[in-house]
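Input: a single structure, listed below in C-alpha cells.
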Amino acid sequence: MGTIYRNIILSLLVSAVLIGCQDDFLDRPSQSEISTENFYQNKEELRLATAALYGGKIWAQWNNTAYLPLGDILSGNLILQYQGSDLVQLNTFTLSGSNGRLTTGWAALYIIVAHCNTTINAINEKTPSTVAATDKNGAVAEARFIRAMAYYHLAMLWGEVPIIEDNTKLIKSPLVNKNKIEDVYRFVIEDLAFAAENLPKTDQPGRVTSWSAKGMLSKVYLTRAGIGQTGGSRNQEYLNLAKTYAKDVIANSGLSLLPSYADLFKTKFNDNQESLFALQWSATTEWMHGSHLLTYSPSNDINPQKGGAWGSPGVSYDLYLAYTEQDSIRRKASFMLPGDHYPELNAAGGGYTAASVGMKKHIIGNEADNNSPAMSYLGSIEHNALLRLADVYLVYAEAVLGNDFSTSDPDALLYFNKVRTRAGVAPLTSINEDIILNERRVEFACEGQYWYDLVRLSYYNPQKAVQLLSDQQRVLFDYDKDSKTATPNDPIGTISPATSATFTLQLPTTEVVVNPKLNEPSVPYYK
C-alpha cells in the first residue's frame with residue numbers, strides 16, 4: 001500500500017519521540033540521548049514518548065489539509081474555491097479517487113496510526129519489569145486512544161479500511177485487504193475500552209484521561225448503533241451503551257462546560273475543563289510541523305508577522321440559515337459577518353471589524369494577542385479540540401432519544417439545554433432527531449464535525465441523509481450589514497445529486513494502483 005508502507009513505516013523511535021513534542025508536556029532531550037536501547041526505562045521516558053502523539057508533524061498533515069475540508073466543506077458548512085479544484089469538488093460532490101484532499105486525508109490518518117503502532121510496540125518490547133504496570137499500561141492506553149481516533153475517522157470516511165497493528169509487517173507483505181466495517185468499529189471500541197480502563201481519571205491538562213476514552217466510547221457506540229440497521233432505527237443495545245458511557249462522564253467526571261462559548265477558541269483557555277481531547281500545538285515556523293489554521297485568516301493585519309492570510313473559507317448560505325437570530329453568540333464565534341467586531345484580534349490596534357463573510361473559529365490573532373512572540377502563521381498555538389464535553393452532552397441526549405420520534409426526558413433535556421443556554425439560546429421542552437442534528441451543527445460548526453454527523457445518520461436512515469444533502473443551499477452569500485439581510489449567490493460549480501454512496505469516499509487512486517487488493521471484497525479481521 002503506497003502511502004502506508006512508503007511513508008509510514010519510517011515512524012521509528014526517534015521520530016515518534018521527538019516530532020511534535022510539546023513544551024507543556026515535557027522538556028525535550030537531545031537526540032544523542034535517545035536510542036532504541038536506552039529508552040522506555042522509566043515513567044518519565046514513557047510520558048515523553050506518548051507526548052509526541054498529540055500534535056506536531058504526526059498530526060499536521062491531517063490538521064492542515066483534511067480536518068476542515070472533509071469535516072466542514074464536504075458537509076456543506078464551508079466553501080473554499082480559490083485553493084485548487086480539489087476543494088471545489090468537495091462542495092459539488094464531484095470528487096474522485098485522485099482528489100488531493102481525499103488522498104492526503106487517508107495518508108495523514110495512517111501516519112497517525114503508524115506512529116501509535118510504533119509507540120505501542122516499542123513500549124511493550126522495551127519497557128523493563130522495573131517500571132510499574134500501571135505506568136506502562138497508561139502509556140499504551142494513550143497511544144491506543146489516539147490510534148482509535150484515527151481509525152474512527154477512517155471508518156467514518158471510507159467505511160471498510162485495512163486494520164494495521166504492526167507496520168513493520170508491511171515491509172514483507174505490503175498488499176493488504178480491507179477489513180469489514182463492523183470489525184473496524186470493534187477495533188476502535190477495543191482500543192478505547194483499554195484506554196478507559198488504564199488511563200488515569202486526572203492528568204496534566206492536555207493529556208487524555210479515562211473520561212476522554214469513555215466520552216469517545218459513547219460517541220462510537222452511538223455511531224455503531226446504526227451499522228447494519230434499516231428502516232430508520234438503531235440497535236438498542238449500542239444505544240444503551242452510548243447512554244451509559246456518556247452519563248458516566250457527565251455524572252462522575254467532575255467536568256463542566258466552559259461558561260463562555262467564545263472562550264473555547266481562545267488560546268488563553270487551551271485545554272480547559274471542557275476539552276476531552278485536543279491537538280497540542282507549539283509555535284513554529286517550520287512547514288507541516290505546526291498548525292496552519294491561521295492561513296485561513298481573512299486579513300494579514302490580524303496575523304502573526306503580518307502575513308499568511310491565504311484565504312478565509314466562505315460560509316454556506318445553508319449554515320447561515322441554521323442559526324436563529326437568538327443564536328448570535330455561537331454564530332459570531334464560528335463565522336464573521338460584515339460589521340462584526342472582534343476586540344481580541346489585533347487588540348493593540350483596536351481590534352478587527354470584519355469586511356466580509358468568513359470563518360472565525362481558529363482565527364486567534366497575532367503574536368501579541370496570544371502572548372507568544374515566537375508564534376507564526378505556520379504555527380498557531382490554539383489547541384483545537386476534537387472531543388469536547390458538549391459533544392458528550394449531546395450524544396447522551398441522542399442516545400436517550402434513541403428510536404423514539406421525540407423525547408421530553410428530564411435528564412436528556414437537562415444536558416441538551418446546558419449546551420443551548422451556555423450560548424444564550426432558550427431551552428426546549430422537547431427534542432427530536434432533527435433538533436439534535438441542527439444543535440450539533442451550530443455547536444460544532446468549523447470544528448470538522450458535521451460530515452461525520454451526516455454519515456452517522458446515513459448508516460441507519462440513508463434516505464433522510466441524502467435528502468438533507470439534496471436540500472442544502474451549498475452556495476456563498478452576500479450580507480448587507482445595514483439591513484441585516486443575506487442573499488445567496490450562484491453555485492461555484494454544478495452540484496452532482498447526492499446518493500447513499502456519497503457518504504463513503506472513494507479509495508485513493510494511488511493506493512489502489514500499488515495495492516490492487518483494495519479492490520477486493522473486505523475480509524474479517526477477527527477470526
Side-chain angles (χ1 to χ4, degrees), residues 20 22-24 54-56 59-60 62-65 67-68 71-72 78 80 205-206 258-275 277-286 288-313 315 329-337 340-386 388 443-449:
Q22 302 305 309
D23 294 332
D24 290 344
Y54 284 81
W59 276 93
W62 170 258
N63 188 75
N64 299 335
T65 65
Y67 163 56
L68 292 178
D72 280 288
L78 300 177
L80 190 56
L258 192 68
S260 167
Y261 182 81
D263 284 347
L264 285 166
F265 315 103
K266 298 175 183 177
T267 59
K268 180 181 178 181
F269 298 94
N270 276 346
D271 306 320
N272 59 74
Q273 73 264 24
E274 185 173 335
S275 177
F277 175 58
L279 300 182
Q280 306 290 304
W281 302 107
S282 292
T284 180
T285 58
E286 294 186 76
M288 284 294 170
H289 279 234
S291 172
H292 295 184
L293 296 183
L294 281 174
T295 61
Y296 289 133
S297 175
S299 172
N300 286 328
D301 291 338
I302 59 174
N303 254 19
Q305 305 167 359
K306 294 286 186 179
W310 297 345
S312 177
V315 176
I329 293 174
R330 286 190 293 199
R331 195 282 302 159
K332 188 178 179 183
S334 299
F335 62 87
M336 305 177 181
L337 293 177
D340 284 343
H341 184 71
Y342 297 90
E344 73 273 18
L345 303 180
N346 189 25
Y352 175 74
T353 300
S356 59
V357 179
M359 183 178 74
K360 167 60 175 70
K361 280 182 185 175
H362 316 299
I363 309 307
I364 59 173
N366 58 34
E367 310 97 307
D369 295 331
N370 295 277
N371 193 28
S372 179
M375 189 175 76
S376 74
Y377 58 80
L378 296 180
S380 170
I381 63 168
E382 178 206 10
H383 295 182
N384 48 308
L386 301 188
R388 296 199 272 115
E443 175 70 19
F444 303 113
C446 309
E447 295 181 58
Q449 290 262 20

In chain order, what residues pass the ring-ring contact (aromatic ring centres under 6.0 Å, His included) check against [X], with sequence neighbours excluded?
X	answer
Tyr67	His362
Phe335	Tyr323
Phe269	none
Tyr261	Phe265

Checklist entry - Hey, mind stepping through Lys361 and Leu264 against side-chain contact (heavy atoms from CB on, under 4.5 Å) and telling me if it holds? => result CA-CA 9 Å; Lys361 280 182 185 175; Leu264 285 166; over 6 Å; no
Item to check | Enclosure of Lys306 NZ (heavy-atom neighbours >12, cutoff 6.0 Å) | outcome: yes
Once salt bridge (charged side-chain N to carboxylate O under 4.0 Å, His left out) is applied, do any residues pair with [X], and if so which ones, sequence neighbours excluded?
X	result
Asp263	Lys266
Arg388	Glu274, Glu443, Glu447
Glu382	none

Sidechain-backbone polar pair: [X] side chain, [Y] backbone, donor-acceptor under 3.5 Å:
X	Y	result
Asp72	Gly448	yes
Asp369	Leu345	no
Asp340	Lys332	no
Tyr342	Ala354	no
Asn370	Ile364	yes
Thr353	His341	no

Heavy atoms only: give me the nearest [X]-[Y] pair and the separation to one decimal.
X	Y	result
Gly308	Asn300	N-OD1, 3.3 Å
Gly358	Ser312	CA-OG, 3.5 Å
Asn366	Ala368	OD1-N, 3.1 Å

Checklist entry - Should Pro298 and Met336 count as side-chain neighbours, where that means a heavy-atom distance under 4.5 Å? => result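 Yes, at least one pair of side-chain atoms sits under 4.5 Å.
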Next on the checklist: Per the salt bridge (Lys or Arg N to Asp or Glu O under 4.0 Å) rule, what does the pair list look like for residues 342-360, sequence neighbours excluded?
Outcome noted: Glu344-Lys360
Could you state the interatomic distance from [atom1] ([X]) to [atom2] ([Y]), rounded to the nearest 0.5 Å?
X	Y	atom1	atom2	value
Ser334	Leu78	OG	CG	9.5 Å
His289	Leu378	NE2	CG	11.0 Å
Asn384	Leu279	CG	CG	5.0 Å
Leu68	Leu293	CG	CG	6.0 Å
Leu294	Ile363	CG	CD1	6.0 Å

Item to check | Qualifying residues under side-chain hydrogen bond (donor to acceptor under 3.5 Å, both in side chains), relative to Asn272, sequence neighbours excluded | outcome: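 By the side-chain hydrogen bond (donor to acceptor under 3.5 Å, both in side chains) rule, Asn272 matches no residue at all.
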Item to check | Any residue meeting side-chain hydrogen bond (donor to acceptor under 3.5 Å, both in side chains) with Ser297, in chain and number order, not counting sequence neighbours | outcome: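 Counting only residues at least two positions away or on another chain, Ser297 forms a side-chain hydrogen bond (donor to acceptor under 3.5 Å, both in side chains) with Asn303.
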Checklist outcome for this item: Sequence neighbours excluded, the answer for side-chain contact (heavy atoms from CB on, under 4.5 Å) partners of Gln305 is Thr285, Glu367, Ser376, Tyr377
Item to check | By side-chain contact (heavy atoms from CB on, under 4.5 Å) - contacts of Ala60 (at least two apart) | outcome: Asn64, Trp281, Met288
